[in-house]
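Throughout, protein chains are lettered first and strands after them, A, B, ... in sequence-line order, and every chain is numbered starting at 1.
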2 protein chains.
Amino acid sequence: MSDKREQLVVTALGLFLEHGYHATGIDRIVAESGVAKMTLYNHFESKDELIAAALQRMDEQWSTRVDTYLTHIGGSPRDRLLAVFDLHTQWYCEDDFHGCVFLKASHEYTDPAHPMHAFAAEHYQRLRERLAGLAKAAKAKRPDTLARQLVLLLIGATSQALLDDDRSSATQAREVARVLIDAAV
Amino acid sequence: MSDKREQLVVTALGLFLEHGYHATGIDRIVAESGVAKMTLYNHFESKDELIAAALQRMDEQWSTRVDTYLTHIGGSPRDRLLAVFDLHTQWYCEDDFHGCVFLKASHEYTDPAHPMHAFAAEHYQRLRERLAGLAKAAKAKRPDTLARQLVLLLIGATSQALLDDDRSSATQAREVARVLIDAAV
DNA sequence: TAACGTATGTACAAATCTGTACATCGTAGC
DNA sequence: GCTACGATGTACAGATTTGTACATACGTTA
């Protein structure tokens with residue numbers, strides 16, 4: 001019966017996204033999740049552990065989301081590289097889009113050695129490796145370099161989407177990506 | 001004798017950069033600046049006003065820094081567009097680099113209507129317009145589109161430099177920028 | 001029926017947060 | 001020397017923070 005734990009992580013994730021980690025208090029998480037405070041501390045040792053669980057969950061969520069989207073899209077490796085940008089456009093158009101929890105973590109915990117910051121870096125490292133695999137399949141000359149460039153574009157698009165409330169930044173980044181990919185094969 | 005006000009803004013800016021806005025308390029700003037708390041509230045009505053003053057100051061600081069760097073560099077408009085990326089590399093290599101206060105503001109205050117978020121968006125809008133002017137001087141076909149792409153690259157480079165503790169992300173973005181600029185003229 | 005694990009609600013501890021009150025000190029101008 | 005003003009230090013108010021104590025209730029299982 002880990003229904004309560006699930007509710008806590010989901011509620012916390014939403015609040016962290018909208019208001020940040022430091023600005024979101026335990027009391028608010030408890031109130032909005034409809035769970036008793038003692039239940040929270042029964043499932044998690046501390047607020048930091050709840051944050052870590054929320055990041056972990058978002059990481060898994062994105063992993064499967066990218067997986068299912070790319071397998072559903074199909075097409076050539078090049079098409080799938082570009083499709084990642086379409087997926088980001090979908091994301092930015094969601095009503096509850098408030099940026100990326102991992103970029104947010106790197107901004108609130110600037111020390112690279114901090115667990116939250118480190119996990120955020122690893123999340124994007126995993127994305128980078130996945131794109132490098134696709135780039136290699138697309139016969140790019142330097143797949144790792146291309147993957148790094150594409151992730152930089154995605155991070156830029158996500159940051160700009162939040163900053164300018166601009167849902168089109170991913171299509172804009174996609175145009176740049178197309179030029180890069182076609183130049184790299 | 002607004003020496004104290006200056007000291008407060010400088011100290012606050014550094015703390016906001018390293019720890020964020022919500023995580024930085026008034027007491028710490030007061031302690032590290034060596035100024036009495038009442039002096040702070042003599043110069044600023046509230047913490048939010050101090051944050052606003054810090055953002056304002058950083059905006060002016062960057063404006064003059066870009067100005068002096070570009071006039072010192074000289075060269076063609078194309079060279080100066082690329083030089084902006086070199087300036088960012090310089091920035092990332094500073095010891096006290098902890099990301100961008102404006103991107104940080106957009107992450108901690110996700111509501112686009114929030115004054116801090118709005119000011120951050122305006123800061124990058126000013127940069128965008130400046131780059132559009134250079135792009136026009138470089139005879140780019142669509143200078144506004146190019147400027148948007150370049151700002152997206154800069155935002156991506158800055159976010160990635162913080163996330164991955166990677167001081168080379170600006171040179172990486174510069175490579176992409178070079179391709180875009182040469183394709184746009 | 002009895003026992004056990006989980007969830008609950010309230011109350012609280014201890015620290016920290018923003019902002020204020022107030023008496024005092026130091027200096028610059030008249 | 002006197003006045004005015006900015007800066008100081010301390011103490012505090014009131015709210016909020018994370019985390020805990022404890023008695024109670026519910027449901028399942030033995």
Nearest whole Å is fine: how far is [N] [atom2] from [X] [atom1]?
X	N	atom1	atom2	answer
Asp3(A)	dT28(D)	CG	P	14 Å
Ile29(B)	dC17(C)	CD1	P	10 Å
Glu6(A)	dA7(C)	CD	P	13 Å
Leu40(A)	dT20(D)	CG	C1'	13 Å
Asn42(B)	dT8(D)	CG	P	10 Å
Leu8(B)	dT8(D)	CG	C1'	13 Å

(request) Pick base, sugar-phosphate or nothing for Asp27(A), based on heavy-atom distances below 4.0 Å to the nucleic acid. (result) base

(message) Per the ring pair (Phe, Tyr, Trp, His ring centres under 6.0 Å) rule, what does the pair list look like for residues 130-170 of chain A, sequence neighbours excluded?
(response) none

(request) For Glu18(A), enumerate each residue passing the side-chain hydrogen bond (donor to acceptor under 3.5 Å, both in side chains) test, keeping only those at least two apart in sequence or located in another chain. (result) none

(message) Suppose we screen for side-chain hydrogen bond (donor to acceptor under 3.5 Å, both in side chains). Which residues come up paired with Glu175(B), at least two apart in sequence or across chains?
(response) Arg178(B)

(message) What I want to check is whether the side chains of Thr158(A) and Tyr92(A) have a donor and an acceptor closer together than 3.5 Å.
(response) yes

(message) Is a donor from one side chain sitting under 3.5 angstrom from an acceptor on the other, for Gln125(A) and Glu129(A)?
(response) yes

Test salt bridge (charged side-chain N to carboxylate O under 4.0 Å, His left out) applied to [X] - qualifying residues, sequence neighbours left out:
X	value
Asp27(B)	Lys37(B)
Glu45(B)	none
Glu32(A)	Arg28(A)

Show me the protein contacts with nucleotides 8-12 of chain C, counting only N or O atoms at under 3.5 Å.
{"unit_1": "dT8(C)", "atom_1": "OP1", "unit_2": "Lys4(A)", "atom_2": "NZ", "d": "3.2"}
{"unit_1": "dT8(C)", "atom_1": "OP2", "unit_2": "Ala36(A)", "atom_2": "N", "d": "3.0"}
{"unit_1": "dT8(C)", "atom_1": "OP2", "unit_2": "Thr39(A)", "atom_2": "OG1", "d": "2.8"}

What pairs of donor and acceptor atoms, side-chain ones from residues 95-109 of chain B against any protein atom, are under 3.5 angstrom apart with sequence neighbours left out?
{"unit_1": "Lys104(B)", "atom_1": "NZ", "unit_2": "His107(A)", "atom_2": "O", "d": "3.1"}
{"unit_1": "Lys104(B)", "atom_1": "NZ", "unit_2": "Leu17(B)", "atom_2": "O", "d": "2.9"}
{"unit_1": "Lys104(B)", "atom_1": "NZ", "unit_2": "His98(B)", "atom_2": "O", "d": "3.1"}
{"unit_1": "Ser106(B)", "atom_1": "OG", "unit_2": "Leu103(B)", "atom_2": "O", "d": "2.8"}
{"unit_1": "His107(B)", "atom_1": "ND1", "unit_2": "Leu103(B)", "atom_2": "O", "d": "2.9"}
{"unit_1": "Glu108(B)", "atom_1": "OE1", "unit_2": "Tyr21(B)", "atom_2": "N", "d": "3.4"}
{"unit_1": "Glu108(B)", "atom_1": "OE1", "unit_2": "His22(B)", "atom_2": "N", "d": "3.1"}
{"unit_1": "Glu108(B)", "atom_1": "OE1", "unit_2": "His22(B)", "atom_2": "ND1", "d": "2.6"}
{"unit_1": "Glu108(B)", "atom_1": "OE2", "unit_2": "Tyr21(B)", "atom_2": "N", "d": "2.9"}

(request) Could you list by number each residue of residues 16-26 of chain A showing a heavy-atom separation from DNA chain D of less than 4.0 Å, or answer none if no residue does? (result) Thr24(A), Gly25(A), Ile26(A)

Between side-chain atoms of residues 130-156 of chain B and protein atoms elsewhere (two or more places apart, or another chain), which donor-acceptor pairs fall under 3.5 Å?
{"unit_1": "Arg130(B)", "atom_1": "NH1", "unit_2": "Asp67(B)", "atom_2": "OD1", "d": "2.7"}
{"unit_1": "Arg130(B)", "atom_1": "NH2", "unit_2": "Ser63(B)", "atom_2": "OG", "d": "3.4"}
{"unit_1": "Arg148(B)", "atom_1": "NH2", "unit_2": "Asp166(A)", "atom_2": "OD2", "d": "2.7"}

(request) Kindly state which residues belonging to residues 45-53 of chain B come within less than 4.0 angstrom of DNA chain C, counting heavy atoms of the residue only, listed by number. (result) Ser46(B), Lys47(B)

(request) Would you list the pairs meeting salt bridge (charged side-chain N to carboxylate O under 4.0 Å, His left out) in which at least one residue belongs to residues 53-62 of chain B, sequence neighbours left out? (result) Glu6(B)-Arg57(B), Asp59(B)-Arg126(B)

